[in-house]
Engineer: 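Here it is, the structure in full.
In what follows, every chain begins at residue 1, and chains take the letters A, B, ... in the order their sequences are listed.
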Amino acid sequence: MENSQKEKSNAKYSIIVPTYNERLNIALIVYLIFKHLPDVDFEIIVVDDGSPDGTQDIVKQLQQVYGENRILLRPRPRKLGLGTAYMHGLKHASGSFVVIMDADLSHHPKYLPSFIKKQMETGASIVTGTRYVKGGGVHGWNLMRKLTSRGANVLAQTFLWPGVSDLTGSFRLYQKSVLEDVISSCVSKGYVFQMEMIVRASRKGYHIEEVPITFVDRVYGISKLGGSEIVEYLKGLFYLLVTT
Amino acid sequence: MFGTLRKGFEFHLGTEIINIRIPSDGSRIDHELEASMIHVPFVSASVFCIHPRNDEMKHIVKIMALLVALSAIWISLLQISVIPDSYTWLLPLYFIITLGCYGLFMVGIGLMQFPTCPQEAILLQQDIIEAKDFLKTKGVDVGSD
């Protein structure tokens, strides 16, 4: 077998995973991260918002298996929002790079090596996963979901000129200093927050790269997308149009 | 004139007045630069109000500048009468309709080309089984929730 020289990153990566009632998924995610990043120095920061289903107990069990220095449990008393969850995790992050991802298995850890590789190759400040290019994709979306997603994307591209193909995605790798800079200037909530982060980063001139990712809709858990979400999106879009 | 407009919104927005040369007697002109000047004061006033506090220009300013430039072209077309006035008055409407059609077209294209990955669901199920088996042996509680 040919022994190819694999470039190894010497940096430390902090993976922030916000959780709420992800008792089963968090264990699966942790296993998969360890499986797909065997030669990488990383830590997983679980920011749990007081899950009633015992997510934190499972994390403690995982800490016994993998080590308390690899899995950090930094809980909060109740649901306080995604943006503040990232900021909370960021305070405890010791790596020079920060990865944010969802705990519900819609983001598969097998793409983590491609994020790291892309960042090393291009020296980008942010690497964001995109579901909308060849090599990426979604599964488990009906026509309505695809239509709203595509419509939202076209609107955002037409009015915001963001420079990325997937605005609402939340599977991203940031340089720690870049994340700290961008997150301090964002005020939105939910997925508009994800949009605001990437648009503000784009306006500030940060080098952003994309990698294709696949997105399998929630295997365990309930998805949330309704009519009020569309209104929220349009309001968020207008806000971003005027303030960024 | 267009060169001036371009330069205006890149560097001098907020300080430069956008001028449109329109003959005051309604006659046709051969070359726009040779006609007499009429300011478009309301345009320059709105431009004066939007000046960025930092070095970077806000996105909305770029969009407004683009709209202003398009409006200027439209107004000058109305005055120059190269195209019959009845068509010229409807140009903004045509523009909006074209934009809407373009948007719908892009949505349709994107919908047709939407990348899907049914095999990923199967791979994910396999990963879940593998993860559960490993974690059970290590004493982590992976019963169904």
Engineer: Is A/Lys110 salt-bridged to B/Asp127, cutoff N-O under 4.0 Å?
Structural biologist: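 Looking at A/Lys110 and B/Asp127, the cut-off is not met.
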
Engineer: Which atoms of A/Tyr66 come close to chain B, meaning under 4.5 Å heavy atom to heavy atom: side chain ones, backbone ones, both, or neither?
Structural biologist: side chain

Engineer: Counting only non-hydrogen atoms closer than 4.5 Å, does B/Leu123 touch chain A with its backbone (N, CA, C, O), its side chain (CB onward), both, or neither?
Structural biologist: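 Side chain only.
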
Engineer: Relative to chain B, which segment of A/Val65 carries a heavy atom at a distance below 4.5 Å: side chain, backbone, both, or neither?
Structural biologist: side chain

Engineer: Is chain B contacted by the side chain of A/Ser149, its backbone, both, or neither, given a heavy-atom distance below 4.5 Å?
Structural biologist: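 The answer is the side chain of A/Ser149.
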
Engineer: Measure from the side-chain N and O atoms of B/His59 to the backbone N and O of A/Phe159, and report whether any donor-acceptor pair falls under 3.5 Å.
Structural biologist: yes

Engineer: What is the minimum heavy-atom distance between B/Pro115 and A/Gly136, and which atoms define it?
Structural biologist: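 Scanning both residues, the minimum pair turns out to be CB-O, 3.4 Å.
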
Engineer: Measuring heavy-atom distances to chain B, does A/Leu241 have an atom under 4.5 Å in its side chain, in its backbone, in both, or in neither?
Structural biologist: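 Answer is both: backbone and side chain atoms of A/Leu241 are under 4.5 Å from chain B.
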
Engineer: Any chance CH2 of A/Trp161 has more than 12 other-residue heavy atoms, nucleotides or ligands included, within less than 6.0 Å?
Structural biologist: yes

Engineer: side-chain contact (heavy atoms from CB on, under 4.5 Å) between A/Leu105 and B/Ile128: does it pass, once the steps are laid out?
Structural biologist: CA-CA 10 Å; A/Leu105 289 177; B/Ile128 290 173; 4.0 Å; yes

Engineer: Counting only non-hydrogen atoms closer than 4.5 Å, does B/Gln119 touch chain A with its backbone (N, CA, C, O), its side chain (CB onward), both, or neither?
Structural biologist: neither

Engineer: Are A/His139 and B/Leu124 close enough that some pair of their side-chain heavy atoms sits under 4.5 Å apart?
Structural biologist: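 A/His139 does not reach B/Leu124 side chain to side chain.
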
Engineer: Can you name the closest pair of heavy atoms from B/Gly103 and A/Val154 and give their distance?
Structural biologist: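 Heavy-atom minimum between the residues: O-CG1, 3.8 Å.
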
Engineer: Could you tell me how the ring of B/Phe114 sits relative to the ring of A/Tyr132: parallel (under 30°), tilted (30 to 60°) or perpendicular (over 60°)?
Structural biologist: perpendicular

Engineer: How close do A/Gly151 and B/Val107 get, heavy atom to heavy atom, and via which atoms?
Structural biologist: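 Result for this residue pair: CA-CG2, 3.9 Å.
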
Engineer: Any side-chain heavy atom of A/Leu24 sitting closer than 4.5 Å to one from B/Lys132?
Structural biologist: yes

Engineer: Where does B/Leu135 contact chain A at under 4.5 Å (heavy atoms): side chain, backbone, both or neither?
Structural biologist: side chain

Engineer: Show your reasoning for whether side-chain contact (heavy atoms from CB on, under 4.5 Å) applies to B/Met106 and A/Thr158.
Structural biologist: CA-CA 10 Å; B/Met106 292 304 287; A/Thr158 306; over 6 Å; no

Engineer: Step through the shown structure and confirm whether more than 12 heavy atoms of other residues, nucleotides or ligands are within 6.0 Å of NZ on B/Lys138.
Structural biologist: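 Counting neighbours around NZ of B/Lys138, 12 or fewer heavy atoms of other residues, nucleotides or ligands fall under 6.0 Å, so no.
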
Engineer: If you define the side chain from C-beta out and look only at heavy atoms, does anything of B/Leu111 sit under 4.5 Å from A/Leu143?
Structural biologist: yes

Engineer: Which answer fits A/Val30, side chain, backbone, both or neither, if we ask what part of it has an atom under 4.5 Å from a heavy atom of chain B?
Structural biologist: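 Nothing of A/Val30, per the 4.5 Å heavy-atom cut-off to chain B.
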
Engineer: Counting distance only, does the side-chain N/O of B/Glu120 pair as donor-acceptor with the main-chain N or O of A/Val216 below 3.5 Å?
Structural biologist: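 Pair absent, no side-chain N/O of B/Glu120 close to backbone of A/Val216.
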
Engineer: Do you know the tightest heavy-atom contact between B/Asp141 and A/Ile58?
Structural biologist: O-CD1, 3.3 Å

